[in-house]
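Naming: A, B, ... by sequence-line order, numbering from 1 per chain.
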Amino acid sequence: MLTCKQFMAELSDYLDEALGREERKKLEEHINACPNCWVIADTTRKTVEFYKCSQPVPIPTDLRTRLMKALERKMASKRV
Amino acid sequence: MPQEAAAFDETALVTQARQGDSEAFNGLAERYQRNIFRLAQNITQNREDAEDVLQETFLKAYEHLPEFHGDSKFYTWIVRIAVNEALMKLRKRKWDKTVWLDEPINTGEDSVAREIAVWEDNPEQRYSKEELHDILDKAVNGLAPPYRTVFVLRDMEGLSTEETAEALELSVPAVKSRLLRARLQLRDKLTAFFKKKVEDPFAYL
């Protein structure tokens, strides 16, 4: 059985589903028997999901306009 | 990574842009500007710097487009440009006393005591969309730059571990170690907002 420390070291790969079957099985055995690690894994997964789902807001119009104008100037200078 | 819309074909637009079609390049800029701006804000934590980074990123991408040969996704390529620009801004700020990305950092056991508490089933429902945005934003901005930058690229911009390592000139184990620390620190910060309000703190046992 893995220790909590060994479990924590593999937590990111576990959440990213980047582990092989055997490794994954070992981690699952650990969280099924360790409530603390289960809570940490569950709430860390939710944390990552929150950020993965957060979409960037549109940029302000004046900033967008400045960007497109700067690009326009750059493109025009390249054409000459 | 920006969610794929059916009508958006990055490869086709990049090909057209490389052939001199400025409209195609504008299309790419329109598509990715909000992600690049968010990334720049998250790394620099300075509005003015982020605006500069946004502009410089697309101007440089246009300038160097002939050097882009499609070895990576176009989005990954411009993220790398943006990260370089943002890190330069961060380093230029003399008042910034935070650790730099290339400084060795202690990746050993996290010494901060973790709060272990289950969250509510739908904790986001307790907050308005704006409040939630604010909570997530403040939490990520509270991370030290080495952790914040890795987290932003991996979990917010959707780069792979290898792409993140390449963009930041770090080893894959360093990216993994920083990502874990970032995720655990954020989890701790968010637990304060999202934990289940129960009489018995061990009710989940």
Q: Flag the pair A:Leu11 / B:Leu184 as yes when at least one side-chain heavy-atom distance between them is below 4.5 Å, and no otherwise.
A: yes
Q) In terms of heavy-atom proximity below 4.5 Å to chain A, should B:Ala182 be classed as side chain, backbone, both, or neither? A) neither
Q | Greatest number of heavy atom pairs closer than 4.5 Å to chain B - which of A:Leu15, A:Asp42, A:Thr47 | A | A:Thr47
**Q.** Heavy-atom proximity to chain A below 4.5 Å, by part of B:Gln41
**A.** neither
Q: Supply the atom-to-atom distance A:Ser12 OG to B:Arg181 CZ, rounded to the nearest 0.5 angstrom.
A: 12.5 Å
Q: Decide whether A:Thr43 and B:Arg187 meet the rule of one side-chain donor and one side-chain acceptor closer than 3.5 Å.
A: yes
Q. Is the closest side-chain heavy-atom distance between B:Pro123 and A:Phe50 below 4.5 Å?
A. yes
Q) If you look at every heavy atom in B:His133 and A:Val57, which pair is closest and at what distance? A) NE2-CG1, 4.5 Å
Q) Could you state the interatomic distance from NZ (A:Lys74) to CD (B:Gln55), rounded to the nearest 0.5 Å? A) 10.5 Å
**Q.** Approximate separation, where rounding is to 0.5 Å, of A:Glu72 CD and B:Asn26 CG
**A.** 7.5 Å
Q | Side-chain heavy atoms of B:Phe194 within contact of A:Lys46, under 4.5 Å | A | no
Q | B:Phe58, part contacting chain A, at a heavy-atom distance under 4.5 Å | A | both
Q: Please say whether more than 12 non-hydrogen atoms of neighbouring residues, nucleotides or ligands are located less than 6.0 Å from CD in B:Glu162.
A: yes
Q. At their closest point, which heavy atom of B:Leu136 faces which heavy atom of A:Tyr51, and how far apart are they?
A. O-OH, 2.6 Å
Q) Between atom NZ of A:Lys52 and atom CZ of B:Arg154, what is the distance when rounded to the nearest 0.5 Å? A) 6.0 Å
Q) Under a 4.5 Å heavy-atom cut-off, does chain A meet the side chain of B:Val140, its backbone, both or neither? A) both
Q) Given a strict heavy-atom distance threshold of 4.5 Å, which part of B:Leu180 is in contact with chain A: side chain, backbone, both, or neither? A) both
(Q) Under a 4.5 Å cutoff for heavy-atom pairs, which residue among B:Arg38, B:Glu51, B:Lys176 has the most contacts with chain A? (A) B:Arg38
Q | Side chain / backbone / both / neither for B:Leu39 at chain A, heavy atoms under 4.5 Å | A | neither
Q) Can you tell me if CD on B:Glu48 sees more than 12 non-hydrogen neighbours from other groups inside 6.0 Å? A) no
Q | Spacing of B:Ile116 atom CD1 and A:Ile40 atom CD1 [to the nearest 0.5 Å] | A | 4.0 Å
Q.
For a quick test of reading the model, state the closest non-hydrogen atom pair linking B:Leu59 to A:Ala70 and the distance between them.
A. CD2-O, 3.6 Å
Q) Which of the residues B:Arg34, B:Glu30, B:Lys189 is involved in the greatest number of heavy-atom pairs with chain A at under 4.5 angstrom? A) B:Arg34
Q) Would you call B:Arg183 and A:Asp16 a salt bridge, taking side-chain N to carboxylate O under 4.0 Å as the test? A) yes
Q) For the candidates B:Thr191, B:Thr161, B:Leu190, which exhibits the highest count of non-hydrogen atom pairs separated by less than 4.5 Å from chain A? A) B:Leu190
